[in-house]
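The block underneath contains the structure these notes are about, expressed in structure tokens.
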Amino acid sequence: MKLTISFLFVTFCFAVVSARIDPKNLKCLVCRTIFDELNVAIKGIDKWKKVDVGNFRMDAEGNTMQQKVPAHRSAVYISELIDGICKKMDDYVRVYYKATGKLEIMLLITPEGHMNPDFSKTKFVTDDDLNKSLEYYCERMFEENEEEITSLYVKRPEDDVMPDALQEICFKHTKYCEDWMLANAEDTTWTSEMEAEYVKIHGPDPYGFGGLPPQQSQMPDVSQDYDDVPENSDDFKLPEEEDFPKDEL
């Protein structure tokens with residue numbers, strides 16, 4: 001399994017297309033992915049888990065003026081979750097959909113530990129500005145909009161997740177996103193007939209329609225390609241002096 005993934009990753013490196021990517025488009029995709037990942041993380045939080053919020057001043061009786069709220073409604077906890085999501089962004093790669101040429105970012109490895117099967121619908125691409133990773137865009141986006149993002153969750157305590165966060169932040173507040181930037185059915189539809197036409201024009205794809213090459217169940221047996229004899233073998237012996245040609249003595 002690991003051998004197959006390593007081989008495919010090397011193949012991926014040689015199949016990457018370099019292009020100038022619209023930063024606004026890329027920011028939109030990163031923004032959308034942040035909330036996709038954040039909502040998944042929040043759904044996994046135990047509802048009983050609470051954290052302290054408020055200031056650390058004392059009241060007249062000397063008690064700390066704090067209260068406990070559900071973790072998924074705490075600005076500090078949401079910030080910690082997004083920080084972890086930004087670190088995870090390096091697991092994503094930039095791609096273009098073959099059907100329309102639309103930019104997308106995808107996980108290289110699925111949560112189940114397999115190569116993403118949707119890669120057969122796309123072509124890998126790298127931004128010319130390689131110094132700006134997806135993690136960089138994520139961190140900058142959160143730094144510039146932290147108050148607006150966390151307030152959505154704090155001010156909407158009746159919701160465990162924020163299905164409208166994408167619209168509120170990525171479209172309305174930051175104005176990173178426009179409707180055309182997000183994938184639709186036209187972008188993601190890719191058939192064997194479309195792949196055949198694509199190959200005629202661009203040549204064979206390293207992955208091709210239908211996903212990645214089948215995984216090898218075991219390492220190939222290459223022992224027959226070698227005639228080495230183990231050093232501890234009883235059949236191994238040093239050649240006698242008479243075995244050498246006289247002109248080599």
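Everything quoted here is computed from the prediction, not taken from an experiment.
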Evaluation steps, side-chain hydrogen bond (donor to acceptor under 3.5 Å, both in side chains), between Thr100 and Asp187: CA-CA 6 Å; Thr100 60; Asp187 303 307; 2.5 Å; yes
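- Note on Leu81: it clusters hydrophobically with Leu166, by side-chain heavy-atom contacts below 4.5 Å among ILVMFWY residues.
- In this structure, SG on Cys177 lies 11.0 Å from CD1 on Ile169, to the nearest 0.5 angstrom.
- A salt bridge links Glu195 with Lys98; the closest basic N to acidic carboxylate O contact falls under 4.0 Å.
- In this structure, CZ in Arg140 is found 10.5 Å from CG in Asn145, a value given to the nearest 0.5 Å.
- Rounding to the nearest 0.5 Å places CG of Leu103 at 5.0 Å from CG of Asn25.
- Cys pair Cys31 and Cys170 passes the test of SG atoms under 2.5 Å apart.
- Lys121 NZ to Met106 CE: the interatomic distance, rounded to the nearest 0.5 Å, is 7.5 Å.
- Salt-bridge check for Glu135 with Lys88: failed, with every basic side-chain N at 4.0 Å or more from each acidic carboxylate O.
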Kindly indicate, with the supporting measurements, whether the criterion ring pair (Phe, Tyr, Trp, His ring centres under 6.0 Å) is fulfilled by Phe171 and Tyr176. CA-CA 6 Å; Phe171 280 85; Tyr176 290 152; over 10 Å; no
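- Here NZ of Lys27 is found 9.0 Å from OG1 of Thr174. Values are rounded to the nearest 0.5 Å.
- Using a 4.5 Å cut-off between side-chain heavy atoms of Ile, Leu, Val, Met, Phe, Trp and Tyr, with links allowed through other members, Leu134 and Met181 fall into different hydrophobic clusters.
- Placement of Val76 and Tyr153 in two distinct hydrophobic clusters is found when ILVMFWY residues are connected by side-chain heavy-atom separations under 4.5 Å, directly or transitively.
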